[in-house]
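Input: a single structure, listed below in structure tokens.
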Amino acid sequence: MYELKEPGGKSVCLSSGTAGEALEKLGLKGGAVAAMLNGRAVDLTAEIGESGDITPIAADSEEGLDILRHSAAHLMAQAVSELYPGTRYGVGPSIKDGFYYDMEIPGGITEEDLPKIEKEMRRLAKRAIPVERREMTGEEALAYFREKDDPYKVEIISELEEDHVSLYFQGDYADLCRGPHVPNTSWVKHFRLLSVAGAYWRGDEKNIMLTRVYGTAFAAEEALEAYIRRMEEAKSRDHRRLGRELDLFSLQNEGPGFPFFHPKGMVIMNCLVDFWKKEHTKRGYSEIRTPLILDRDLWIRSGHWDHYRENMYFTEIDEQPFAIKPMNCPGGMLVYKTQLRSYRDLPMRMAELGVVHRHERSGVLHGLMRVRCFTQDDAHLYCRPDQVKDEIIGIMKLCDYIYRDVFGFRYTMELSTRPENSMGSEEQWAIAENALKQALEETGSEYRLNAGDGAFYGPKIDFHLEDCIGRTWQCGTIQLDFQMPEKFDLSYVGADGKEHRPVMLHRTVLGSLERFFGILVENFAGSFPYWIAPVQVRILPVSGEFADYAGTVAAELRASGIRVEVDERDEKLGKKIRDAQTQKIPYMVVVGEKERESGGVAPRERSRGDLGSMSMKQFREVLAEEFNPLKS
RNA sequence: GCCGGUGUAGCUCAGCAGGUAGAGCAGCUGACUUGUAAUCAGCAGGUCCCCGGUUCGAGUCCGGGUGCCGGCUCCA
């Protein structure tokens, strides 16, 4: 006899039966796609073989969706196997918001084939084909997939450590899978295939490229539709689209990956830079500027020639080889070396808004998020070993302040460790990685480990921000570097009068101004906070007759540094409001007969609407109350 | 770089049996003199991404290049 308890306290005794039957007896089966048995996710069809705790996994829970999507991936693979005989299967996991399957489909497919595959999936789903788990030895599984002529599955199985594996069978289709899965294909109802893309087998570009089909599935049709709608809406906040609509920047065929910033975009950029400079001054940073082009020998010395050449642009001056800088550190170090430094000077925080060029492969360019020329809000901190941790913590605090307090963004952190093609000794890397880890732990930060993803000269902590459809982009980074000071023979004179090697930190907060700008656009959907809005106030004269008064009001506001425009067009007020609204201008100021007589204004705020008539003085007070980190 | 898609007016798009291009918005001009999300009318606007080829004839078909979009790999 097995005794199964559910969290509510009810229990049931069974001599045999499945997890699904146990849940049914406990009155918990409704809406469950699988069960959690003693902390292990199992199929509803799994035989109960032990006593303990059981809870249902609801279809609309995070875990349930994961199972549902995984089952949807199998269903898709089954449909493809029916429609395209000879297809071989790579991997087909569930992912955030959906699933995919990588397949080698004879003849390939395009997005036009998706409806056909979806239709086949629905047909198979309707037949309620039982999904059956079978455990077998690795050998048996290998024999099965060899028979099926599926080299990818064979490769995966031969690398598994376990003696036993599980396969899930549905009709003629079977897949290697840990499970759990839904009991039969009819459980997968609310799904949609989304796109086709290429993906290298095992993510390695040396391998064959498989066809990846992306799709998503939900527990209910409404949830699926809501998701599709959300993705549609997200398109309207895409920074590339808003950049054009709000006339902030442009990307042109003549400069792939080299963005053009328009006057309105530059207002935002300049506000951002002003703010950045102020915050850095407060925190004891100084600022430098180093050349865009430097002798190639410098890059050979720094290690960039050996480790980063593929991403660099080169040029010649008087027949001598030069390189366009892809990073600011070597130039920064030359500045450090212009003087003898004392331990009293440390920590030394030298910032640079450095313009770097990197040759990014054509397929990776993406609006302002991934470009070939960008401005890093870089800084290099030179310190004594005992100062490292506090400096790291200081940078983390600065990031948190800017991301969260000033802009209200959510962010995640990652710790990246030693990559393959890197410089330096094991010990140095271990010390550096530990220092970063300690700083993360001391501040109680949550972070993800990204093994082998560090820079070639040191490990790093990265800060990631999200774009409008949930893709994340690295912005801030803190990199610990023992290599460059070595290569460049940096030193400082210690209290003991001897020469010592400083430790160097590379860091950015915004990352690339261009990328941060893109994130800014998407996060605010173009409705920028008042302090960085390209146009803060637009004056709307009710008719041409009030153009003079509108000009007076504009001049008065402009005199106190407010960015003002006047809509002098011969249009109706409704039209002017509509246009100012689509341009997402924070304040519209209506002026007509009443305002001219009283010398006042009738402001309208973009989200609150008409604020009523008021005096100029009152309006200035309204504006003065707007959040503005440039003022404090 | 790789896989798939795509490139027509400033923008969004139509033109999808090969017969020298069309709409809406924006722009310009005029009328209207406007009070809280689109006044009306007229005009102007295009090497149909580039280079080759097929054809009597190519925006349309074919080949190559290039930009862009979605992924993969890479990355701030």
Side-chain angles (χ1 to χ4, degrees), chain A residues 100 102 108-113 194-214 235 238 240-241 244-245 247 250-257 308 310-311 326-327 354 356 358-378 416 453 455 460 462-465 469 471 473-477 479 506-516 518-519 540-547 569-582 588-595 602-604 606 609-613:
Chain A
Y100 68 77
D102 286 348
I109 57 162
T110 71
E111 253 154 59
E112 283 171 22
D113 296 304
L194 300 170
S195 62
V196 179
Y200 299 110
W201 167 236
R202 307 203 120 180
D204 188 335
E205 62 181 326
K206 289 186 206 82
N207 290 340
I208 186 176
M209 183 161 272
L210 303 175
T211 304
R212 174 173 295 182
V213 178
Y214 281 97
K235 280 187 201 156
D238 188 306
R240 293 166 296 192
R241 174 174 170 164
R244 188 175 50 241
E245 288 174 356
D247 195 18
S250 60
L251 294 156
Q252 321 237 14
N253 295 348
E254 289 80 356
Y308 208 73
E310 300 300 301
N311 288 297
M327 294 187 195
V356 296
R358 295 183 183 175
H359 178 69
E360 299 294 345
R361 299 204 276 184
S362 60
V364 307
L365 301 178
H366 183 97
L368 293 179
M369 304 296 201
R370 191 76 184 271
V371 292
R372 286 182 172 146
C373 169
F374 58 101
T375 315
Q376 288 186 305
D377 68 318
D378 215 343
S416 297
D453 214 28
K460 54 180 189 166
D462 291 328
F463 296 80
H464 290 253
L465 300 177
I469 57 171
R471 286 179 291 218
W473 297 91
Q474 184 184 320
C475 289
T477 182
Q479 310 180 347
H506 308 242
R507 54 110 273 194
T508 64
V509 178
L510 309 177
S512 121
L513 294 190
E514 288 75 5
R515 177 177 288 180
F516 196 82
I519 302 257
L540 313 179
V542 168
S543 81
E545 199 193 322
F546 309 103
R569 295 173 307 165
D570 193 9
E571 292 286 355
K572 289 200 162 166
L573 182 61
K575 168 75 167 165
K576 292 183 181 181
I577 287 172
R578 185 188 153 80
D579 288 347
Q581 203 75 43
T582 27
M588 289 153 260
V589 166
V590 175
V591 292
E593 187 60 48
K594 277 182 286 184
E595 289 71 28
R604 177 192 165 94
R606 67 185 161 196
D610 194 352
L611 301 182
S613 275

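First the proteins, then the strands, lettered A, B, ... as listed; each starts at 1. FYI, side chains are in, hydrogens and waters are out, and symmetry mates aren't considered; it's all heavy atoms of this structure. This is a predicted model, so every value here is computed, not measured.
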> With a non-hydrogen cut-off below 4.0 angstrom, is A:Arg244 in contact with a base, only sugar-phosphate, or nothing?
Replying inline: sugar-phosphate
>> Looking at A:Gln252, I want to see if its CD is surrounded by more than 12 non-hydrogen atoms of other residues, nucleotides or ligands under 6.0 Å.
In response: yes
>> Once ring-ring contact (aromatic ring centres under 6.0 Å, His included) is applied, do any residues pair with A:His366, and if so which ones, sequence neighbours excluded?
In response: A:Trp473
> Do any side-chain nitrogens or oxygens of A:Arg515 fall under 4.0 Å of OP1 or OP2 in B:C75?
Replying inline: no
>> Tell me which nucleotide, if any, is Watson-Crick or G-U wobble paired with B:A41 when both distances must be under 3.5 Å.
In response: B:U29
> Taking the P atom of each, how far is B:G1 from B:G57, in whole Å?
Replying inline: 35 Å
>> Over all strands shown, is A:Asn207 touching base, sugar-phosphate only, or nothing at heavy-atom distances under 4.0 angstrom?
In response: nothing
So which protein N/O to nucleotides 39-41 of chain B N/O distances come out below 3.5 Å?
residue, atom, partner, partner atom, Å
B:U39, OP1, A:Glu571, OE1, 3.4

>> Are A:Arg515 and A:Arg370 packed together at the side-chain level, in the sense that at least one heavy-atom pair is separated by less than 4.5 angstrom?
In response: yes
> If the P atom of B:A44 is compared with that of B:G4, how far apart are they to the nearest Å?
Replying inline: 45 Å
> With the threshold set at 4.0 Å, does a side-chain nitrogen-carboxylate oxygen contact exist between A:Asp204 and A:Arg202?
Replying inline: no
> Between B:G70 and A:His366, is there an OP1 or OP2 to side-chain N/O distance shorter than 4.0 Å?
Replying inline: yes
> Could a donor-acceptor pair under 3.5 angstrom be found where the side chain of A:Glu310 meets the base of B:G1?
Replying inline: no
> Under the 3.5 Å rule, do the base of B:U73 and the side chain of A:Arg361 count as making a donor-acceptor pair?
Replying inline: yes
> Nearest-Å distance, CG (A:Asp378) to P (B:C75)?
Replying inline: 17 Å
>> Please compare A:Cys475 and A:Gly255 by the position of their nearest nucleotide in RNA chain B and report the one closer to 5'.
In response: A:Gly255
> What residues, two or more places apart in sequence or in another chain, satisfy side chain to side chain donor-acceptor pair (under 3.5 Å) together with A:Arg240?
Replying inline: A:Asp238
>> Check this for me, if you would: do A:Arg604 and A:Asp610 make a salt bridge, where the nitrogen-to-carboxylate-oxygen distance has to be below 4.0 angstrom?
In response: no
>> From C-beta outward on A:Arg578, which listed nucleotide comes closest to its side chain: B:G35, B:A38, B:A76?
In response: B:A38
>> At 4.0 Å (heavy atoms only), tell me whether A:Val356 reaches a base, stays on the sugar-phosphate, or touches nothing.
In response: nothing
>> Taking B:U12 as the reference, what is the distance to B:C68 when you measure between their P atoms (whole Å, please)?
In response: 15 Å
> Do the side-chain N and O atoms of A:Gln479 and A:Thr477 include a donor-acceptor pair separated by under 3.5 angstrom?
Replying inline: yes
> Nearest-Å distance, CG (A:Leu210) to C1' (B:C2)?
Replying inline: 12 Å
> With no hydrogens and no angle check, is any side-chain donor or acceptor of A:Asp377 less than 3.5 Å from a backbone partner on A:Val509?
Replying inline: yes
> Which part of the nucleic acid, if any, lies within contact of A:Tyr214, taking any heavy atom under 4.0 Å across all strands shown: a base, the sugar-phosphate backbone alone, or nothing?
Replying inline: sugar-phosphate
Enumerate the protein-to-nucleotides 59-67 of chain B contacts in which both atoms are nitrogen or oxygen and the separation is below 3.5 Å.
residue, atom, partner, partner atom, Å
B:G67, O2', A:Asn253, OD1, 2.5

>> Students often get this wrong, so: under 4.0 angstrom with heavy atoms, is A:Lys235 touching a base, only sugar-phosphate, or nothing?
In response: nothing
> How far does the C1' atom of B:C72 sit from the matching atom of B:U55, given to the nearest Å?
Replying inline: 40 Å
>> Classify A:Lys576 by what it touches in the nucleic acid, base, sugar-phosphate, or nothing, heavy-atom distance under 4.0 Å.
In response: nothing
> Does B:U12 pair with anything, Watson-Crick or G-U wobble, both distances under 3.5 Å, and if so, with which nucleotide?
Replying inline: B:A23
> In the strands shown, is B:G4 matched to any nucleotide by a Watson-Crick or G-U wobble pair with both distances under 3.5 Å, and which?
Replying inline: B:C69
>> For the P atoms, the ones on B:C16 and on B:A21, what distance do you get once it is rounded to whole angstrom?
In response: 13 Å
>> I'd like the C1' distance from B:C11 over to B:G7, given in whole Å.
In response: 15 Å
> Taking the side chain from A:Thr508 and the backbone from A:Cys475, do they hold a donor-acceptor pair closer than 3.5 Å?
Replying inline: yes
> Do we see a donor-acceptor contact under 3.5 Å between the side chains of A:Glu514 and A:Thr375?
Replying inline: yes
>> Both A:Arg202 and A:Glu545 contact RNA chain B. Which one's nearest nucleotide lies toward the 5' end?
In response: A:Glu545
> A:Tyr100 OH to B:G4 P: how many Å, rounded?
Replying inline: 19 Å
> Between A:Lys576 and A:Val542, is there a donor-acceptor pair closer than 3.5 Å when you use the side chain of the first and the backbone of the second?
Replying inline: no
>> Between P on B:U73 and CD1 on A:Ile208, what's the gap in Å once rounded to a whole number?
In response: 16 Å
>> Under 4.0 Å, heavy atoms only, any strand: does A:Gly203 hit a base, just the sugar-phosphate, or nothing?
In response: sugar-phosphate
> Per the atom types in the model, does the base of B:G71 pair as donor or acceptor with the side chain of A:Tyr200 at under 3.5 Å?
Replying inline: no
> What distance, rounded to whole Å, do you find between the two C1' atoms, one in B:U6 and one in B:A38?
Replying inline: 32 Å
> Nearest to the side chain of A:Thr110 - B:G35, B:G5, B:A76?
Replying inline: B:G5
> Yes or no on side chain to side chain contact (heavy atoms under 4.5 Å, CB included) for A:Glu111 and A:Ser195, after CA distance, side-chain angles and deciding distance?
Replying inline: CA-CA 6 Å; A:Glu111 253 154 59; A:Ser195 62; 3.8 Å; yes
> Thinking salt bridges, do A:Arg361 and A:Glu205 make one under a 4.0 Å N-O criterion?
Replying inline: yes
> Just checking A:Ala580: base, sugar-phosphate only, or nothing, at a heavy-atom cut-off of under 4.0 Å?
Replying inline: nothing
>> I need the CE-P distance between A:Met209 and B:C74, as an integer number of Å.
In response: 12 Å
Under 3.5 Å, N/O pairs linking protein and nucleotides 43-48 of chain B:
none

> What integer number of Å spans the P atoms of B:C50 and B:U8?
Replying inline: 11 Å
> Within this structure, what is the CZ-to-P distance between A:Arg212 and B:C2, rounded to whole angstrom?
Replying inline: 18 Å
>> In whole Å, I'd like the distance from the CD atom of A:Glu360 to the C1' atom of B:G1.
In response: 12 Å
> Would you say the side chain of A:Arg240 and the base of B:C69 hold a donor-acceptor pair, judged only by whether the two atoms sit under 3.5 Å apart?
Replying inline: no
> Excluding sequence neighbours, so at least two apart, what forms side chain to side chain donor-acceptor pair (under 3.5 Å) with A:Asn311?
Replying inline: none
> With a 4.0 Å cut-off on heavy atoms, is A:Glu593 in touch with a base, just the backbone sugar-phosphate, or nothing at all?
Replying inline: base
> Distance check: side-chain N/O of A:Gln581 vs OP1/OP2 of B:A37, anything under 4.0 Å?
Replying inline: no
>> Determine whether A:Arg372 and A:Ser362 satisfy the following criterion, side chain to side chain contact (heavy atoms under 4.5 Å, CB included), listing intermediate values before the conclusion.
In response: CA-CA 10 Å; A:Arg372 286 182 172 146; A:Ser362 60; 3.9 Å; yes
> Could you give the CZ-to-C1' distance, from A:Arg569 to B:A26, as a whole number of Å?
Replying inline: 10 Å
> Reckon A:Arg471 touches a base, only the sugar-phosphate, or nothing at all at heavy-atom distances under 4.0 Å?
Replying inline: sugar-phosphate
> What are the two closest heavy atoms between A:Arg212 and A:Asp102, and how far apart are they?
Replying inline: NE-OD1, 2.7 Å
